[in-house]
2 protein chains.
Amino acid sequence: MTMTYPRLNRDGAEPLWMQLMRALRTRIDSGELGPDQPLPSEAELSDMFSVSRTVVREALRELVQQRLIYKVKGRGAFVSPRKTELRFIGSMSGSADDLRESGRRVTTHTVRQALGEADEREAALLQIPLGEQVVRIRRLRRVDGQPWLLVDTALPARLVPGLERAVLENQSLYDVLRRRYGLEPAAADRWIEAVFPDREDASMLEVSTSTPLLGIESVAWLDDNTRFEAYYALHRSDQTRFYVGIR
Amino acid sequence: MTMTYPRLNRDGAEPLWMQLMRALRTRIDSGELGPDQPLPSEAELSDMFSVSRTVVREALRELVQQRLIYKVKGRGAFVSPRKTELRFIGSMSGSADDLRESGRRVTTHTVRQALGEADEREAALLQIPLGEQVVRIRRLRRVDGQPWLLVDTALPARLVPGLERAVLENQSLYDVLRRRYGLEPAAADRWIEAVFPDREDASMLEVSTSTPLLGIESVAWLDDNTRFEAYYALHRSDQTRFYVGIR
DNA sequence: CCCGCAGACCTGTAATGACAGGTCTGCGGG
DNA sequence: CCCGCAGACCTGTCATTACAGGTCTGCGGG
């Protein structure tokens with residue numbers, strides 16, 4: 001197997017293992033390394049990139065974590081048979097953190113942000129009177145430039161005064177809620193279904209209207225009596241599967 | 001902080017990092033180390049247990065993975081606050097219980113049940129050698145007569161001897177595993193995606209091949225080293241949405 | 001009193017060396 | 001022809017050393 005790889009940058013700006021991980025992932029994503037094909041051994045990779053086995057193992061560990069490869073003691077490391085497997089952790093914001101940590105570029109763009117009056121669905125989810133003021137936020141999240149998640153959030157305006165004017169670009173909404181309003185979710189309920197997007201949502205996510213997506217409805221609570229956030233998210237599970245960890 | 005810890009076993013039967021990880025986890029689970037309290041530093045742990053920092057870091061890495069601790073560069077490692085932890089309420093059987101409680105008739109029919117040899121996917125999910133004996137079970141669950149869930153389960157045969165001959169009709173598999181083999185899941189990972197069924201699965205679920213379904217891949221663990229059940233389930237979310245509670 | 005900085009302390013990254021133990025292949029004896 | 005075993009190869013585990021860079025505390029100058 002002859003592969004030409006970019007030389008690693010040793011200025012310390014980015015860890016060697018992360019650069020190596022990305023280099024390997026590129027080959028896997030591109031299909032250059034097919035399912036169940038072996039990667040070069042740790043010793044070979046160590047030679048090819050002139051790094052220690054420590055660096056190689058760190059890079060491989062990360063890829064195993066991302067489920068892009070699997071290792072068999074005594075045999076080697078192999079490309080996972082499953083195709084697009086990124087890690088997507090529990091909460092929406094948590095998952096973005098994980099993706100970032102795994103070396104992906106995550107951006108969040110706020111499409112709409114406005115005050116309005118709660119409709120039937122929002123009133124029921126947030127358990128507030130019909131017509132109470134809510135802040136509505138529509139955001140599109142991308143991973144490495146690829147649309148990934150479209151979220152429509154509604155919050156009771158009295159809990160988050162001024163949020164309709166806050167700058168949210170590339171920030172986790174939960175971080176803003178915590179830092180600006182001291183709101184910390186204590187619990188959440190989520191319901192997941194498989195749906196087709198309507199024309200507008202499909203174009204936002206850059207898929208056809210016949211692509212099956214995950215629809216995730218969520219309500220977050222401050223305590224038993226206060227629901228402070230409801231959202232409906234459309235999730236491209238062809239990009240990253242929705243992950244639920246149970247501990 | 002004075003802590004008495006068990007001495008580590010150096011006979012090679014179990015890796016040192018794993019023993020250390022377990023020792024630390026015991027303190028965390030018992031509440032001896034409260035939320036956001038710092039663990040001893042890596043150097044201290046290294047001294048306390050007479051192991052290299054390599055071992056300590058490996059143990060801590062595993063605990064971070066399990067989300068029991070978090071680390072801050074320059075400060076140390078801390079116990080995760082309990083409340084941010086994910087608790088999963090709606091397991092497959094749990095949701096069936098919910099449905100039953102709501103007055104619906106839930107039936108489970110075993111379609112196939114046989115011994116076989118683990119393929120790549122099963123081997124990777126269960127972390128067993130390729131070709132090891134597994135028990136495979138395919139079940140169809142109905143709600144009020146309507147197909148609702150199609151589950152393909154695989155379990156290492158050595159953990160569940162004779163399961164391929166057990167009568168499972170209308171029983172929760174988890175109940176059988178607990179009662180007959182004393183197996184209790186300690187944790188699980190699940191990945192959810194939106195997919196189309198193939199022809200066979202579609203006819204089982206009585207939908208067309210262009211109906212979007214939830215595909216749920218799951219691995220359940222007894223402990224960090226023993227994975228005892230893997231399944232892939234197809235779920236008709238037009239019937240009941242998949243529920244995830246986070247507490 | 002406040003600010004800035006040195007130094008202690010901590011985790012992150014990296015290199016190197018060593019050995020255990022699982023996997024595979026090919027050779028040679030039966 | 002088959003079986004078993006040596007040896008090559010591979011990942012897993014562990015120890016040691018070194019330095020980078022983030023965090024915190026306390027001291028001293030303004």
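Worth saying up front: this structure is predicted, and the values here are computed from it rather than measured. Hydrogens, waters and symmetry mates are skipped; everything else that's a heavy atom, side chains included, is used. Order of the sequence lines fixes the chain letters, A, B, ..., with proteins taken first and strands second; residue numbering starts at 1 for each chain.
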To the nearest Å, give me how far apart CD (A/Glu44) and C1' (D/dC9) are. 10 Å

Indicate whether any N or O donor in one side chain lies under 3.5 Å from an N or O acceptor in the other, for A/Arg142 and A/Thr107. no

Take the protein atom CZ of B/Phe78 and the nucleotide atom P of D/dC24, then report the distance between them rounded to whole Å. 8 Å

Write down the distance between CG (B/Leu39) and C1' (C/dC9), rounded to a whole number of angstrom. 16 Å

Set of residues satisfying side chain to side chain contact (heavy atoms under 4.5 Å, CB included) with respect to A/Ala230, sequence neighbours excluded: A/Leu125, A/Leu126

C/dG12, OP1 or OP2 - any side-chain N/O from B/Lys71 closer than 4.0 Å? yes

When you check the gap from the basic side-chain N to the acidic O, do A/Lys71 and A/Glu42 get nearer than 4.0 Å? yes

Between atom CD1 in B/Ile69 and atom P in C/dC10, what is the gap in whole Å? 15 Å

Send over the distance from B/Met21 CE to D/dT13 P, rounded to a whole Å. 11 Å

To the closest 0.5 Å, what do you measure between CD1 (B/Ile69) and CG (B/Leu33)? 10.5 Å

Tell me which of A/Gly12 and A/Gly74 sits closer to the 5' end of DNA chain D, going by the nucleotide each one is nearest to. A/Gly74

Would you check, one step at a time, whether the test side chain to side chain donor-acceptor pair (under 3.5 Å) holds for A/Thr108 with A/Arg141? CA-CA 4 Å; A/Thr108 306; A/Arg141 189 161 273 178; 3.0 Å; yes

Using a 4.0 Å heavy-atom cut-off, write out nucleotides 3-8 of chain D from 5' to 3' as B (base contacted by protein), S (sugar-phosphate only) or - (no contact). ------

Take the protein atom OH of A/Tyr70 and the nucleotide atom C1' of D/dC10, then report the distance between them rounded to whole Å. 15 Å

Can you build the contact string for nucleotides 13-18 of chain C? Use B for base contact, S for sugar-phosphate-only contact, and - for no protein heavy atom under 4.0 Å. BSBB-B

Among the nucleotides C/dG12, D/dC24, D/dG12, whichever has the atom closest to the side chain of B/Arg75 is D/dC24

With sequence neighbours excluded, residues passing side chain to side chain contact (heavy atoms under 4.5 Å, CB included) with B/Glu132: B/Ile128, B/Pro129, B/Pro156, B/Arg158

Output the rounded distance in Å from CG (B/Asn9) to P (D/dC14). 11 Å

Let me know the distance between NZ of A/Lys73 and C1' of D/dC9, rounded to the nearest Å. 14 Å

Between A/Tyr181 and A/Pro161, the two heavy atoms sitting closest are OH-O, 2.9 Å

Tell me, please, which residues at least two apart from A/Gln19 pass side chain to side chain donor-acceptor pair (under 3.5 Å). none

Judged by atom type as modelled, is there a donor-acceptor pair below 3.5 Å linking the side chain of B/Glu62 to the main-chain atoms of B/Ala59? no

Would you sketch DNA chain D in dot-bracket for me? Only Watson-Crick or G-U wobble pairs with both distances under 3.5 Å count, crossing pairs as [ ], other-strand pairs as |, the rest as dots. ||||||||||||||||||||||||||||||

Quick one: closest heavy-atom pair of A/Ser46 and A/Arg53, and the distance? OG-N, 4.0 Å

Do you see a donor-acceptor pair shorter than 3.5 Å between the side chains of A/Tyr231 and A/Arg190? yes

